[in-house]
Amino acid sequence: MPVTTSPADLYRHSLSLLLDKDIRAWVGLWAEHGVMEFPFAPPGWPGRLEGREAVAVYMRDYPDHIDLHDFPDLKIHQTADPATIVAEMRGVGRMVTTGSPFDMTYIAVVTAQDGRFTSYRDYWNPLAVRTPGMDFTGSSAR
């Protein structure tokens with residue numbers, strides 16, 4: 001991605017990489033010291049990942065657990081800070097281990113600089129981790 005990429009375009013591109021199950025390229029969109037946070041993470045799940053490597057470890061097996069098909073209802077809101085956007089969307093697909101449907105609503109507050117994610121706060125529904133097959137982070141949450 002060129003450094004002139006807007007945060008909204010970078011985010012849209014990141015969703016396309018997730019649909020393509022190209023986690024390596026998705027992680028490549030991160031700044032070396034980027035931070036990913038999960039403010040609603042349940043006990044036993046990570047609340048904060050510091051650095052591209054930590055994000056890579058967290059995401060490496062994602063496609064083995066969730067088969068994403070689409071991100072419908074995507075809305076990207078600009079903020080007073082041109083480097084920061086707020087994204088609303090749903091992720092839909094299926095759980096790989098059970099074949100059951102996956103349908104999660106997300107709100108993300110994302111900051112990018114020089115065409116890379118520097119901050120990504122992912123507000124997702126922690127009740128969904130009670131679904132069989134969702135514990136793919138190596139946590140002990142049940």
Side-chain angles (χ1 to χ4, degrees), residues 1 3 5-142:
M1 299 297 302
V3 296
T5 300
S6 73
D9 288 343
L10 180 67
Y11 193 78
R12 284 185 192 94
H13 180 62
S14 77
L15 296 180
S16 133
L17 292 173
L18 288 176
L19 291 174
D20 290 343
K21 297 166 185 37
D22 191 345
I23 300 305
R24 174 182 272 178
W26 187 86
V27 169
L29 301 178
W30 282 80
E32 182 180 353
H33 300 290
V35 174
M36 187 170 203
E37 297 177 277
F38 307 96
F40 298 144
W45 284 62
R48 181 179 173 94
L49 305 170
E50 295 188 27
R52 183 186 307 131
E53 279 304 310
V55 171
V57 168
Y58 178 81
M59 290 294 292
R60 71 177 166 222
D61 297 327
Y62 192 90
D64 296 334
H65 301 280
I66 299 174
D67 178 19
L68 287 169
H69 298 161
D70 195 10
F71 289 104
D73 309 323
L74 174 64
K75 294 180 186 111
I76 296 178
H77 307 279
Q78 301 298 320
T79 69
D81 177 354
T84 300
I85 60 168
V86 175
E88 298 178 78
M89 67 183 174
R90 288 176 39 231
V92 296
R94 69 175 182 87
M95 300 303 301
V96 172
T97 58
T98 65
S100 62
F102 176 82
D103 192 337
M104 176 86 70
T105 300
Y106 299 90
I107 293 178
V109 179
V110 180
T111 302
Q113 292 180 332
D114 299 324
R116 300 280 185 254
F117 294 126
T118 57
S119 174
Y120 191 122
R121 286 190 316 276
D122 192 357
Y123 295 88
W124 57 278
N125 180 0
L127 297 177
V129 298
R130 297 179 190 262
T131 302
M134 277 295 293
D135 187 15
F136 62 88
T137 65
S139 74
S140 58
R142 295 281 181 254

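On a predicted model such as this, the values are computed, not experimentally measured, just so you know.
The two residues Tyr123 and Pro39 come nearest to each other via the heavy atoms CE2-CG, 3.3 Å. Listed here is the closest heavy atom pair of Gly115 and Leu10: O-CD1, 3.5 Å. Summarising the geometry of His69 relative to Leu19, their closest heavy-atom pair is C-CD2, 3.5 Å, with the distance given to 0.1 Å. Of all heavy-atom pairs spanning Pro82 and Pro7, the tightest one is O-CG, 3.5 Å. Here the shortest heavy-atom pairing between Tyr11 and Ile85 reads CB-CD1, 3.7 Å. Nearest heavy atoms, Ala31 versus Arg116: N-CB, 3.5 Å.
The line from CG of Leu68 to CZ of Arg94 is 11.0 Å long, rounded to the nearest 0.5 Å. Separation of atoms CE (Met104) and CZ (Phe71) is listed at 11.0 Å; rounding is to 0.5 Å. We find the CG-CG distance between Asp70 and Asp103 to be 10.5 Å, quoted to the nearest 0.5 Å. Atom CG of Asp61 and atom CD1 of Ile66 lie 11.5 Å apart (nearest 0.5 Å). Considering CG of Leu15 and CE of Met89, their distance stands at 5.0 Å, rounded to 0.5 Å.
Between Trp124 and Trp45, the angle of the ring planes lies from 30° to 60°, which puts this pair in the tilted group. Using the six-membered ring where Trp is involved, Trp26 and Tyr120 have ring planes that are perpendicular, over 60° apart on the 30 and 60° scheme.
Under the 4.5 Å side-chain criterion, counting only non-hydrogen atoms from C-beta, Val27 is not in contact with Arg60. Proximity of His13 to Thr5: side-chain heavy atoms (C-beta onward) are nowhere separated by under 4.5 Å. Counting heavy atoms from C-beta on, the side chains of Val109 and Glu37 never come closer than 4.5 Å. Contact annotation: the side chain of Leu17 never approaches that of Ile23 to less than 4.5 Å [non-hydrogen atoms, C-beta and beyond]. With contacts defined as side-chain heavy-atom distances shorter than 4.5 Å, the pair Val86/Thr79 qualifies. Side-chain contact between Phe117 and Val55: absent, with no pair of heavy atoms (C-beta onward) separated by less than 4.5 Å.
Counting heavy atoms of neighbouring residues, nucleotides and ligands inside a 6.0 Å radius, atom CD of Glu88 exceeds 12 of them. No more than 12 heavy atoms of other residues, nucleotides or ligands lie within 6.0 Å of CZ in Arg24, so this atom counts as exposed by the packing criterion.
Salt-bridge formation is detected for the pair Asp67/Lys21: a Lys NZ or Arg NE/NH1/NH2 atom is positioned less than 4.0 Å from an Asp or Glu carboxylate oxygen. For Glu32 and Arg52, the salt-bridge test fails: no basic side-chain N is under 4.0 Å from an acidic carboxylate O.
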